Amino acid sequence: MDVPTEKDWQDAFNIDLMAHIHLIGMALPYLEKSSNASALMMSSIAGRDVVVSPGYQFWSCGTFKAALLHYTLEQAQVLRPKGIRVNCLTPGVIFAKDGPWDIWSKEKPEMIKAMLAGVPMGRFGSAKEVADVGVFLASKPSAYVSGGSPDHWSISQGKPGVRIV
């Protein structure tokens, strides 16, 4: 198992945290003009749970996804007086063609089988299922929802905590 390099950490910081911070900064003038302003962050279950997989660690990803969850909660408080809602999705094991779960399902089928056995729904989630929650959070029917914590909008089949897959 490789330990993340300083470059790995910097890349994860830029992608998993700073991209959201920059996007909020650039979007703020437009959000302030909206009658239904909503900012939606995309974290990961790796930011909420400690995920340990044989041969793979989510060190840098989980660290900055956790920071993004905290940033979301802060921004929900800071931007609320401006009428801007801020929430964050924390997807779990979401299958995407050629994505990590697809690759691992071919390379490590026993690991995937064991992992899915511990998922309450017993299956991968889909990108559409994540998108459906995101669309709801950005829409008027969720106008009273802001500062959604990782436990409120976790798309992870309801299984929090430390997971060994």
Side-chain angles (χ1 to χ4, degrees), residues 10-51 58-105 112 115-116 118-163 165:
Q10 189 64 51
D11 288 349
F13 174 71
N14 290 332
I15 293 166
D16 295 330
L17 181 61
M18 292 310 299
H20 290 82
I21 293 171
H22 292 311
L23 185 59
I24 291 292
M26 291 185 291
L28 194 56
Y30 304 98
L31 291 168
E32 290 174 333
K33 295 176 186 175
S34 174
S35 62
N36 185 42
S38 175
L40 185 60
M41 312 294 181
M42 180 68 75
S43 184
S44 166
I45 195 170
R48 188 193 76 182
D49 297 350
V50 176
V51 181
F58 292 85
W59 291 313
S60 55
C61 174
T63 300
F64 296 118
K65 293 296 189 179
L68 180 59
L69 295 174
H70 187 84
Y71 176 74
T72 298
L73 296 174
E74 284 180 340
Q75 290 305 295
Q77 297 296 319
V78 169
L79 297 177
R80 181 177 296 133
K82 297 180 178 195
I84 301 169
R85 297 178 297 108
V86 183
N87 288 289
C88 188
L89 297 176
T90 58
V93 289
I94 306 302
F95 187 88
K97 186 175 177 352
D98 299 324
W101 297 112
D102 186 19
I103 293 166
W104 294 333
S105 68
I112 297 299
M115 184 273 306
L116 287 176
V119 174
M121 292 185 178
R123 66 172 179 84
F124 288 107
S126 72
K128 183 179 184 324
E129 289 168 317
V130 175
D132 288 345
V133 176
V135 168
F136 168 71
L137 288 173
S139 70
K140 286 190 178 187
S142 71
Y144 199 65
V145 178
S146 187
S149 75
D151 291 329
H152 294 133
W153 300 112
S154 180
I155 307 155
S156 61
Q157 304 84 35
K159 185 163 180 155
V162 175
R163 294 182 307 135
V165 295

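As the structure is a prediction and not an experimental result, all values here were calculated from the model.
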Quiz item: Taking only residues two or more places apart in sequence or in another chain, which ones pass side chain to side chain contact (heavy atoms under 4.5 Å, CB included) with S44?
Solution: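 Checked S44 against side chain to side chain contact (heavy atoms under 4.5 Å, CB included); matches are A46, K65.
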Quiz item: I84: what forms a side chain to side chain contact (heavy atoms under 4.5 Å, CB included) with it, not counting sequence neighbours?
Solution: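 Residues passing side chain to side chain contact (heavy atoms under 4.5 Å, CB included) with I84: L28, L31, E32, A37, L79, K82, V86.
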Quiz item: What pairs of residues pass the salt bridge (Lys or Arg N to Asp or Glu O under 4.0 Å) test when at least one of them lies in residues 90-105, not counting sequence neighbours?
Solution: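 Sorted pair list: D102-K106.
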Quiz item: So which pairs with a foot in residues 85-95 pass salt bridge (Lys or Arg N to Asp or Glu O under 4.0 Å), sequence neighbours left out?
Solution: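 Pairs touching residues 85-95 that pass the test: none.
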[atom1] of [X] to [atom2] of [Y]: how many Å apart, nearest 0.5 Å?
X: I21; Y: L68; atom1: CD1; atom2: CG; result: 8.0 Å
X: M42; Y: D16; atom1: CE; atom2: CG; result: 12.0 Å
X: H20; Y: Y71; atom1: NE2; atom2: OH; result: 9.5 Å
X: R80; Y: Q75; atom1: CZ; atom2: CD; result: 12.0 Å

Quiz item: Given F95, which of W101, W104, F124 fulfils the ring-ring contact (aromatic ring centres under 6.0 Å, His included) condition?
Solution: F124
Self-check item: Partners passing salt bridge (charged side-chain N to carboxylate O under 4.0 Å, His left out) against E74 (at least two apart in sequence or in another chain)
Solution: none
Exercise. Please name the pair of heavy atoms, one in A39 and one in I24, separated by the smallest distance, quoted to 0.1 Å.
Key: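 It is CB-CD1, 3.4 Å.
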Exercise. Could you pull out the closest heavy-atom pair between P91 and S43, with the gap in Å?
Key: CD-O, 3.5 Å
Could you list the donor-acceptor pairs under 3.5 angstrom formed by side chains in residues 132-139, with sequence neighbours left out?
{"from": "D132", "atom 1": "OD1", "to": "K128", "atom 2": "NZ", "distance (Å)": "3.1"}
{"from": "D132", "atom 1": "OD2", "to": "K128", "atom 2": "NZ", "distance (Å)": "3.0"}
{"from": "S139", "atom 1": "OG", "to": "F136", "atom 2": "O", "distance (Å)": "2.7"}

